[in-house]
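To start, the structure under review is shown below, and the notes come after it.
Reminder, nothing fancy here: chain letters follow the sequence lines and each chain counts from 1.
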Amino acid sequence: MILYSAKDIEPKWQAAWSDARTFLAVRSDDKPKYYVLEMFPYPSGKLHMGHVRNYAMGDVIARYKLATGHAVLHPMGWDAFGMPAENAAMTTGVHPKDYTYGNIAQMKAQFAPLGLSFDWTREFATCDPEYYGQQQALFLDFLKAGLIYRKKAVVNWDPVDMTVLANEQVIDGKGWRSGADVERRELVQWFFKISDYSGELLAALDGLDNWPAKVKLMQSNWIGKSRGLQFAFSLVDEPQGHDRIEVYTTRPDTLMGASFVAISPDHPLAKGLEDDPAVAAFNAECRKGGTTEEALEKAEKRGFDTGLTVLHPFDTAWELPVYIANFVLMDYGTGAIFGCPAHDERDFDFATKYGLPIIPTFLSDAETDPVLTEAYVPAKTEVVAYVKGFAGDQMQTGNAAIEAAIGFCEANGVGGGVTKFRLRDWGLSRQRYWGCPIPVVHCPDCGVVPEDKANLPIELPYDVTFDVPGNPLDRHPTWRDCACPKCGAAAQRETDTMDTFVDSSWYYARFTAPRATTPTVLDDAAYWMNVDQYIGGIEHAILHLLYSRFFARAMHVTGHLPEMAIEPFNALFTQGMVTHEIYASEGRTGPIDPRGEGIGFTKYHFPDEIIRRDGGAYLSDGTAVEVISSAKMSKSKKNVVDPDAIIAQYGADTARWFVLSDSPPERDVEWTASGAEATARHLARVYRVASEIAAMDDGTGAGDADLIRTMHKTIHEVTLGIESFGFNAAIAKLYGFTSALMKSDAGGAAKKQAVRVLAQLMSPMTPHLAEEIWAMLGGTGLIAVAPWPVADPAMLTEDTITLPIQINGKRRSEIAVPVDMPKDAIEKLALADEAVIKALNGAAPKKLIVVPGRIVNVVI
RNA sequence: GCCGGUGUGGCGGAAUGGUAGACGCAGGGGAUUCAAAAUCCCCCGUUGGCAACAACGUGUGGGUUCGAGUCCCUCCACCGGCACCA
């Protein structure tokens, strides 16, 4: 018996592809181009199964497109800046640069045995000066084009470590290392004017036909277009010279129910009142905790009565109290709101807490002066009776009421209707070392001066230390010192670096000309762009993808991309995670750091430490282990399976096939040892069957026609499956075809034809095995570039089909009919069916539904 | 808290509004073997029944429809995102 050995065949074919330069992206005049891109990885140093899945999917597409005659661009690179390298520097003393490039080398070595069809000649890392220098050039062009500006913005401030923290480093409102209460503090930072594009980024979502609807919806909600009323309350006294409070509301229809005004603790008026120690203390209290919207929204709603009052715009005898409230955000609208407790749950709670009036403006019936026990929030389409309103009595809530209210206010000189977006400008400044330096200089005379492009790249200095928290660039003895590009005087560099999202916002464009001495080359970009298929995690649905869409537009405005590339990703696919069971036992290993292993009293175990028997799970010493349901593979939970080990045991084809076969690609897939074994067994079976068939004489057999028909159906189904990302369904069809091939009594000629097609259909998933079989059956050249098989349409239809017969929607019988039998003939046949006759019992059916080719339903 | 998604046998899952459970795993039975491994064949939602078959069945509760896993509403659970994790 011939045994299948992945170990022997996989390196052989990888070398063959490499020698033939099979995956080199080459522009072509006579082939259509196809650009397939998977979100590039952060070089953590360790390839995990999630990577394998992501890149296996991209590889299926890339190889399929190659076989269907495209000039394919399938590049790979590294999203290499970021916090982990600095954390490693702090904990182990390794330099971020050495750490990062070391990790890249390791991961690249782990990629090799997977047999992925990358064009490695285009590889780059975002931490290469050749890359980030071009990014600095883009920054300067964006700055010149007015797409970048400076303003104050809040950051998480650790008052003990005296450093800015990422949201991830704030745990329950405390700094992850110091444990100190985090404060929100303002810093002057650089911003991209993404909000200038709010309307366009929203409108253009409509054209993204091959994006998941959910991603478009999430982006749409994130951009958050709203229609509302902007107006001002007059302050009764004029504290600190303020005579009015500007308010934006999306619910002007509740204006008659206003019972208080609340301003953000960061509102100029609130800050102006800080001479009062009580106000200062309250504001300081509000500034505690992290900056995330989640933290702010979940915090207890608190208010401080300033004692100030404002006048209701429609009744100057009506004074409303002014509160400072922790739930009002300076970043939204005007940093001030009015509260209508009757029709908003949060305002209702606030009013109850502080004893404020609750004034209904509309009700479900005409009841007057009711006492509400909770906020009354009518459904969008509910018709309500207004007791206090703008347009009289009966009216729908929702947009009609809001527009009516805006119209009434405008007519009476109270503010105006405005359209606002929720999307905020993108702050790109980071107070960190391991990122792209922002290429500006602070000159004592000229102020903020952009660097000369001739001085790019502004390289990160290597001689830095991480012994104290904070940005090493700030305390570097010489790196900051420079000459002002404008006047030549001694000046200092900006020490902030760029958000790593900047790096990943244009790498797809750089891949089209990765060695160019300009950010892009228009001619190459015009040829390869857009990305025809982009693949990555759903966790990037909003930020990364939105930033990239903005960046492509900004790059077009500054002449770095053609107009056709302003929506850089034609099609998007978001894949699920790879998960694994978690094994936990009692026992404390002690916290290593606040985020690491050993939190609480649970000890986790790697899958290969576990022995399954009698339906339980045990360690080798017999200790029982709790099996916790599957979750995303993570180091802290130890529920990881190392691709290296799987490849060593079964080969890359098994790993690839399994991660593609077991779940739909957009859903999570659970890695199971038994599943991997079953896959290995199946691939061995395919190999064995192919070997046996290769040894057959060319002849005919009784099953020839059936086998060839099945073959054409499989070609059709697998092709459709690949094109629609139905990899798991396509693989199920390949199982079926293999089994048909084994059972068939077709002759050698037909079987050889079928097995060659089987190899071709499998080749995107299991390329090495496919090449081996192809060679075994005398296929010409590499299967990777052999033309994709085409199904004969005539082979896809059957002459007769089985129609199920339902009685009152329940299946009761079936009839076999010619595929083109007319409807009335089917009706006659159905009524003649034994089960139908019995059920009708002589009566006529109430209704007879015939869906040709599908079903018959007899309604009695 | 807000936005988005998911929920189907013991398990992963399949199913243009039209036969629910394809395909795979696990399990059971058999063939082969001195025996085992490997391989091959059959069975396999739940309940009742020897069986034919019947009833029930796609997270919960309602609705639309001749017909709902699929569409609409409610609730529950879990997952992703929430602007400095990448």
- NA contact type, Met742(A), heavy-atom cut-off 4.0 Å: base, sugar-phosphate, or nothing? sugar-phosphate
- Which part of the nucleic acid, if any, lies within contact of Arg685(A), taking any heavy atom under 4.0 Å across all strands shown: a base, the sugar-phosphate backbone alone, or nothing? sugar-phosphate
Measure from [atom1] on [X] to [atom2] on [N] and round the result to the nearest Å.
X: Leu329(A); N: C2(B); atom1: CG; atom2: P; value: 15 Å
X: Leu720(A); N: A22(B); atom1: CG; atom2: P; value: 22 Å
X: Arg812(A); N: G18(B); atom1: CZ; atom2: C1'; value: 16 Å
X: Asn221(A); N: C2(B); atom1: CG; atom2: C1'; value: 10 Å
X: Met218(A); N: C2(B); atom1: CE; atom2: P; value: 17 Å
X: Phe327(A); N: C82(B); atom1: CZ; atom2: C1'; value: 19 Å
X: Phe727(A); N: G12(B); atom1: CZ; atom2: C1'; value: 18 Å

State which of [options] makes the closest approach to the side chain of [X].
X: Trp222(A); options: C82(B), U39(B), G80(B); result: C82(B)
X: Ile542(A); options: G1(B), U19(B), G81(B); result: G81(B)
X: Arg854(A); options: G1(B), G18(B), A14(B); result: G18(B)
X: Asn857(A); options: C84(B), G18(B), A86(B); result: G18(B)
X: Met83(A); options: C85(B), A22(B), U19(B); result: C85(B)
X: Tyr735(A); options: G24(B), C40(B), G4(B); result: G24(B)

- Asn857(A) side-chain N/O to Gly809(A) backbone N/O, donor-acceptor pair under 3.5 Å: yes
- Task: Have a look at Tyr131(A) and tell me which of Tyr507(A), Trp78(A), Trp506(A) forms a ring pair (Phe, Tyr, Trp, His ring centres under 6.0 Å) with it.
- Result: Trp506(A)
- Query: Out of Tyr197(A), Phe191(A), Phe192(A), Trp190(A), which one pairs with Trp426(A) under the ring pair (Phe, Tyr, Trp, His ring centres under 6.0 Å) rule?
  - Reply: Phe192(A)
Checking base pairs now: Watson-Crick or wobble, both atom distances under 3.5 Å. What partners [N]?
N: G7(B); answer: C76(B)
N: G12(B); answer: C23(B)
N: U39(B); answer: A31(B)
N: A68(B); answer: none
N: G45(B); answer: C56(B)
N: A83(B); answer: none

- Item | Within 45° cone of Trp157(A) ring axis and under 6.0 Å: Arg184(A) NZ or CZ | no
Side-chain donor/acceptor of [X] to base of [N], under 3.5 Å:
X: Glu539(A); N: C79(B); answer: no
X: Glu294(A); N: C82(B); answer: yes
X: Asn167(A); N: C84(B); answer: no

- Can Lys193(A) and Asp425(A) be counted as an ion pair, charged N to O under 4.0 angstrom? no
- Message: Over 60° means perpendicular and under 30° means parallel, so tell me whether His544(A) and His540(A) are parallel, tilted or perpendicular.
- Response: perpendicular
